[in-house]
Structures are given as C-alpha cells and as structure tokens.
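Bear in mind that the values here come from a model prediction, so they are computed numbers and not experimental data.
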Amino acid sequence: MKTICTLLSILVAFSTQGQNLTVTHNKIPVSDVTVDVWSANLNDDISFYEETFEEFTKQEFGKKSSNDGKHEEVLEKVSIPQVTDKRGDLRLTFYSEDGRDKIGLSLLLGYDVWINPEDYPQEMERLKQFTRDYLRFHYVHYYNQFIDEDMKLIKDYQRSVEKSEKTIGSMRAQTTRNEEKLQTETNATRRKKLEEKSDQNTQDIERLEAEIPEMQKKVESLNEHILQLKEKLKFVEEQYYDDEDSAQN
C-alpha cells in the first residue's frame with residue numbers, strides 16, 4: 001500500500017505543477033559564457049534526465065551524451081540535420097532560476113559560436129522542436145517506468161491471491177479429511193491433534209479470506225492509477241505548446 005501511495009503522490013505532485021511542458025527561450029551561463037537555450041522545468045530527479053538524455057542521444061545519433069561533471073550532459077561534434085547542416089556540441093545544462101530547477105538545451109557550432117535567435121533564427125526555432133522531441137522522449141520514459149512498476153505490483157498481488165485461494169482449498173480439503181477421521185478415531189490424543197489442526201485451519205482460512213479482498217482492492221487501485229498515467233502519457237505525447245499559446249508557470 002505504501003508503494004501505491006508513493007506512486008500516487010508523485011502523480012499528484014506532477015499534476016499540481018500544471019503539467020506545463022512549455023519550452024521557453026532563455027539566456028543562461030554555459031561553459032563560462034551566457035548563451036541562448038531552450039528551457040523547461042524539471043519535474044523529476046536530475047539523474048533521470050541524465051539517463052533519458054543519454055538514451056535519447058543514443059537513439060538519435062548512435063552514441064550517448066556524457067556528463068561533464070559541471071551540471072551538463074554533452075555530446076560533442078554531432079551532426080543534427082533536423083536543426084542545422086553544421087556539426088556542433090549539444091549541451092543539456094541543469095540550472096536553477098526563481099527557485100525552480102530547470103534544463104536548458106543549447107548548441108555550440110564552433111569556438112564561441114552558439115545558435116541564437118539573432119544570427120540563426122531558423123536553426124534556433126528548429127532547436128526548439130528538437131528540445132520538445134527530447135522532452136517527449138523523457139516523459140514517455142517517465143510515465144512508462146511507473147506503469148511498469150504498477151504492472152509488476154499487480155502481478156505480485158494476483159499471484160498472492162492465487163496462492164491464498166490454493167492454500168484455502170488445501171486447508172478445507174484437509175479439514176474435511178480430519179472430520180472424517182474424527183468419526184472413527186477413538187484415541188484421545190489423536191482426536192485432540194485433529195481438532196487442533198482443524199481449528200488452526202479455520203483461523204488461517206478466515207485470515208486469508210479477509211486478505212484476498214484487500215489485495216483485490218489494491219489491484220483495482222493500481223489499474224485506476226495506470227489509466228491515469230496513460231492519460232498523462234497521452235498528454236505529453238500530443239501536447240507541446242508554443243510559449244504564446246500556453247499558460248505560463
């Protein structure tokens with residue numbers, strides 16, 4: 001039950017942030033200079049963003065970015081045809097602003113030559129879509145990990161229910177056999193043992209029968225949670241708004 005509550009609290013926490021996946025233009029310090037980035041709020045641990053960005057770059061370019069130890073994920077000398085025909089260093093920077101943890105994606109084309117809206121307006125706009133593509137990738141992984149965890153818990157509960165039902169059936173069969181033996185058993189010691197075993201079986205059956213509905217309720221809660229997660233997943237797969245068309249944080 002604690003696990004279910006934890007997963008639900010994570011979902012609620014994300015919901016209270018308005019599910020705002022807006023990508024905004026910003027200027028932040030990167031590699032000791034101020035550069036233009038496409039920025040988004042963090043809604044999860046930095047380590048998970050590092051993990052998903054490495055997986056995203058591996059999927060897109062056949063090689064992973066790496067952490068440079070300076071709050072950045074970097075992929076050097078990469079060709080990003082959907083952004084520009086020039087090779088460059090792709091950087092995902094982690095930073096804080098106005099009390100919020102954020103990421104900023106930038107592209108260095110050469111020595112101190114960064115993509116920016118003044119000199120590279122088209123490339124800058126395409127980098128915005130590229131940032132959205134990464135965020136979509138990230139949140140698909142974000143929600144799928146919870147769906148997978150829920151599915152594992154459901155299977156565990158279902159196995160427990162099946163095991164309990166099988167145990168109940170075995171104990172009832174044993175109790176029936178004991179009752180048949182009691183009809184002909186005359187030895188007081190053996191009769192006492194048979195009666196004690198039947199009484200214990202009855203107590204265990206009552207306990208298991210009380211536990212089964214609770215486990216079934218947990219399965220129902222998890223299934224409901226999975227439906228909620230799938231709705232969130234659908235949202236992040238489909239809804240990426242322009243700044244001027246979306247609510248601000």
Colleague: So Leu135 and Ile103, do their side chains get closer than 4.5 Å, heavy atoms only?
Modeller: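 Yes. Closest side-chain heavy atoms under 4.5 Å.
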Colleague: Could you check whether any side-chain heavy atom of Ile154 comes within less than 4.5 Å of a side-chain heavy atom of Ile226, counting everything from C-beta outward?
Modeller: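 In contact.
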Colleague: Honestly curious: do Ile115 and Tyr95 fall in one hydrophobic cluster under the side-chain, below-4.5 Å linking rule?
Modeller: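 No, separate clusters.
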Colleague: Regarding Asp133 and Gln129, do their side chains bring together a donor and an acceptor under 3.5 Å, going by distance alone?
Modeller: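 Checked: Asp133/Gln129 side chains pair up, N/O donor to acceptor below 3.5 Å.
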Colleague: Hydrophobic cluster membership, with links at side-chain heavy-atom distances under 4.5 Å among I/L/V/M/F/W/Y: are Leu105 and Tyr139 in one?
Modeller: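 Cluster IDs for Leu105 and Tyr139 match.
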Colleague: Could you tell me if the side chain of Glu51 sits less than 4.5 Å from the side chain of His141, heavy atoms only?
Modeller: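 No. Closest side-chain heavy atoms not under 4.5 Å.
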Colleague: Linking I/L/V/M/F/W/Y whenever their side-chain heavy atoms sit closer than 4.5 Å, directly or via other members, would Leu75 and Phe48 fall into one cluster?
Modeller: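 In one cluster with Leu75: Phe48, yes.
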Colleague: Backbone N or O of Glu185 within a donor-acceptor pair of the Arg191 side chain at under 3.5 Å?
Modeller: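 Yes: the side chain of Arg191 pairs with the backbone of Glu185.
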Colleague: Using a 6.0 Å cut-off, check whether atom NZ of Lys230 has over 12 heavy atoms from anything other than its own residue.
Modeller: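 Atom NZ in Lys230 is not packed in, count stays at 12 or less.
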Colleague: Kindly work out whether a path of hydrophobic side-chain contacts (I/L/V/M/F/W/Y, heavy atoms less than 4.5 Å apart) joins Met124 to Val78.
Modeller: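 Yes, because Met124 and Val78 connect within a single hydrophobic cluster, where side-chain heavy atoms sit under 4.5 Å apart.
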Colleague: Looking at Arg207 and Glu211, does any basic side-chain N land under 4.0 Å from a carboxylate oxygen?
Modeller: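 So Arg207 pairs with Glu211 through a salt bridge.
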Colleague: I'd like to know if Val219 and Leu227 are part of one continuous hydrophobic network [Ile/Leu/Val/Met/Phe/Trp/Tyr, side-chain heavy atoms within less than 4.5 Å].
Modeller: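 Different clusters.
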Colleague: Fit a plane to each ring of His138 and Tyr134, take the angle between them on a 0 to 90° scale, and name the class: parallel (under 30°), tilted (30 to 60°) or perpendicular (over 60°).
Modeller: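 Aromatic pair His138/Tyr134 classed tilted.
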Colleague: About how many Å separate CD1 of Ile168 and CG of Leu208, when rounded to the nearest 0.5 Å?
Modeller: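 These two atoms lie 5.0 Å from each other.
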Colleague: Any non-hydrogen side-chain atom of Tyr120 less than 4.5 Å from a side-chain atom of Leu109?
Modeller: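 Answer yes - side chains close enough.
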Colleague: Compute whether any side-chain donor of one residue and acceptor of the other, for Glu97 and Asn26, lie under 3.5 angstrom apart.
Modeller: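 Asn26 and Glu97 do have a side-chain donor-acceptor pair below 3.5 Å.
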Colleague: Would you indicate whether Glu196, at its atom CD, is surrounded by more than 12 heavy atoms from other residues, nucleotides or ligands within a distance under 6.0 Å?
Modeller: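 Atom CD in Glu196 is packed in, count exceeds 12.
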Colleague: Taking the side chain as C-beta and beyond, is there a heavy-atom pair between Leu90 and Phe130 under 4.5 Å?
Modeller: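 With C-beta onward as the side chain, the pair touches.
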Colleague: Given side chains that start at C-beta, do those of Val140 and Leu233 come closer than 4.5 Å, heavy atoms only?
Modeller: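 Touching, per the 4.5 Å side-chain cut-off.
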Colleague: What I'd like to find out is whether the side chain of Val37 reaches to under 4.5 Å of the side chain of Lys27, using heavy atoms alone.
Modeller: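 Not touching, per the 4.5 Å side-chain cut-off.
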Colleague: Does any non-hydrogen side-chain atom of Asp101 lie less than 4.5 Å from one of Ser96?
Modeller: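 Yes, side chains in contact.
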Colleague: Inspect the surroundings of NZ in Lys152 and state if more than 12 heavy atoms from other residues, nucleotides or ligands are less than 6.0 Å away.
Modeller: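 Result for NZ/Lys152: open.
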Colleague: Hey, mind stepping through Glu73 and Arg91 against salt bridge (Lys or Arg N to Asp or Glu O under 4.0 Å) and telling me if it holds?
Modeller: CA-CA 6 Å; Glu73 281 284 327; Arg91 292 178 177 270; over 6 Å; no
Colleague: Just checking Tyr143 against Phe235, ring centres under 6.0 Å apart?
Modeller: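 Between Phe235 and Tyr143, which both carry aromatic rings, the centre distance is not below 6.0 Å.
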Colleague: Quick one about Thr52 and Tyr142 (side-chain donor to acceptor, distance below 3.5 Å, no hydrogens or angles considered), yes or no?
Modeller: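 No - no donor-acceptor pair under 3.5 Å links their side chains.
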Colleague: Once rounded to the nearest 0.5 Å, what's the spacing between atom CD of Glu54 and atom CG of Asn67?
Modeller: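 Rounded to the nearest 0.5 Å, the CD-CG separation comes to 7.5 Å.
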Colleague: Does Asn116 reach the main-chain N or O of Glu118 with its side chain, forming a donor-acceptor pair under 3.5 Å?
Modeller: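 Such a contact is found between Asn116 side chain and Glu118 backbone.
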Colleague: As an exercise, state the distance from CH2 of Trp38 to OG1 of Thr131, rounded to the nearest 0.5 Å.
Modeller: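 The OG1 atom of Thr131 is 8.0 Å from CH2 of Trp38, to the nearest 0.5 Å.
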Colleague: For the atom pair NZ (Lys234) and CG (Leu229), what is the distance rounded to the nearest 0.5 Å?
Modeller: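 If I round to the nearest 0.5 Å, the distance is 15.0 Å.
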Colleague: Could you check Arg172 against Glu209 for salt bridge (Lys or Arg N to Asp or Glu O under 4.0 Å), going step by step and ending with a plain yes or no?
Modeller: CA-CA 12 Å; Arg172 281 177 173 162; Glu209 286 182 333; 2.3 Å; yes
